[in-house]
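Residue numbers start from 1 in every chain, and the chains themselves are labelled A, B, ... in the order their sequence lines are given, proteins ahead of strands.
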2 protein chains.
Amino acid sequence: MKSNEMDKAIKDILANGALKVNGSLWVEGNGKRFFGPGPVELLELIQETGSINQAAKKMKMSYKKAWELINNLNNMSGSPLVITSTGGDNGGGSAISEEARQLIAYHRELRVRFSKFLEEETQRLK
Amino acid sequence: MKSNEMDKAIKDILANGALKVNGSLWVEGNGKRFFGPGPVELLELIQETGSINQAAKKMKMSYKKAWELINNLNNMSGSPLVITSTGGDNGGGSAISEEARQLIAYHRELRVRFSKFLEEETQRLK
DNA sequence: ATTCGTTATATCTTATTGAATATAACGATC
DNA sequence: GATCGTTATATTCAATAAGATATAACGAAT
């Protein structure tokens, strides 16, 4: 079967023709998922707000879940990605480390290339 | 910061250096996930065994879950991907449609290209 | 008619996940 | 030392997902 024949057939499989190739990427360490889209957004918001609490609220994520996520990241990572401080002028706060900034930057680039890949693959379906 | 500098820094983030880029791909229809790695394997096993039941067992998946998965696929798809028959010489059985075979073939090709993509991205971390 | 293994379905239980709430510790500022 | 908003943690409740079990219907073969 030729390639365009097959693509046409697949296109006909769904009633509504809005077919799309999509996916998700992450960085693994020791076989365990380490860094995906969720953490990236959370770290970015911590950088922006200076607070786990506020970052979680902006993501409509519970503080507990955000904290557990960060705790995992920090435990899996050699050096902590989020530096927290309790007490102080405005009750404390959090900042992200240089490593975290690098991870964010890397993942951003990765996503750009991945988007391109997904677009190309979606094109093959049309 | 130059690219190799950053990659080196990221490599140092995890204590154990076994960093890897990984991910998952699927085909979406109408914004809803339609066809991922799980269904592919199940369909392949149905093709191989001629039975939802046996396919599910080989995947260590409950029959219920397998059936629901297939039911979803058949409902979302214009033409059914799995054709079932009840009763008969050996109690019945199931076969996959031509469309299913095409989807499997397409997804297989897709995964090959995706593996290459992942390998390239993993290489950037080393 | 009986047997067979399968599909199809319902029900119940269990496990996992997530949300919600409460509270202690913290330390700079006033 | 009282206040403040935050981190850190435990506990409880709700919702969702997964698993286990049971059973009817089916139809070819015997």
Take atom [atom1] of [X] and atom [atom2] of [N], then tell me their distance rounded to the nearest Å.
{"X": "Asp89(A)", "N": "dC26(C)", "atom1": "CG", "atom2": "P", "result": "17 Å"}
{"X": "Lys65(B)", "N": "dA15(C)", "atom1": "NZ", "atom2": "P", "result": "17 Å"}
{"X": "Lys64(B)", "N": "dT13(C)", "atom1": "NZ", "atom2": "C1'", "result": "11 Å"}
{"X": "Met59(A)", "N": "dA19(C)", "atom1": "CE", "atom2": "C1'", "result": "16 Å"}
{"X": "Tyr63(B)", "N": "dG5(C)", "atom1": "OH", "atom2": "P", "result": "16 Å"}

Take Lys60(A) and Thr86(A), find for each the nucleotide of DNA chain C with the closest heavy atom, and name the residue whose nucleotide sits nearer the 5' end.
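Closer to the 5' end of DNA chain C: Lys60(A).
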Taking the nucleotide of DNA chain C with the nearest heavy atom to each, does Gly88(A) or Met61(A) sit closer to the 5' end?
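The residue closer to the strand's 5' end, by nearest nucleotide, is Met61(A).
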Looking at [Y] and [X], is there a salt bridge between them, counting it only when a charged N and a carboxylate O are closer than 4.0 Å?
{"X": "Lys116(A)", "Y": "Glu119(A)", "value": "no"}
{"X": "Glu120(B)", "Y": "Arg113(A)", "value": "no"}
{"X": "Glu68(B)", "Y": "Lys65(B)", "value": "no"}

Is the centre of the Tyr106(A) ring less than 6.0 Å from the centre of the Phe35(A) ring?
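They do not qualify: ring centres at least 6.0 Å apart.
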Taking Leu81(A)'s backbone N and O only, do any of them form a donor-acceptor pair with Asn74(A)'s side chain (distance below 3.5 Å, no angle check)?
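At least one qualifying donor-acceptor pair exists.
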Is the side chain of Ser97(B) donor-acceptor paired with the backbone N or O of Pro80(B) at a distance under 3.5 Å, no angle test?
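Looks like yes, one N/O pair under 3.5 Å.
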5' precedence on DNA chain D between Asn53(A) and Gly87(B) (nearest-nucleotide basis):
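By nearest-heavy-atom nucleotide position, the 5'-most residue is Asn53(A).
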Under 4.0 Å, heavy atoms only, any strand: does Ser51(A) hit a base, just the sugar-phosphate, or nothing?
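Sugar-phosphate contact only - Ser51(A) comes under 4.0 Å of backbone atoms but never of a base.
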Using a heavy-atom cut-off of 4.0 Å to chain B, what are the terminal contacting nucleotides of DNA chain D, in 5' to 3' order?
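First and last nucleotides in contact are dG19(D) to dA29(D).
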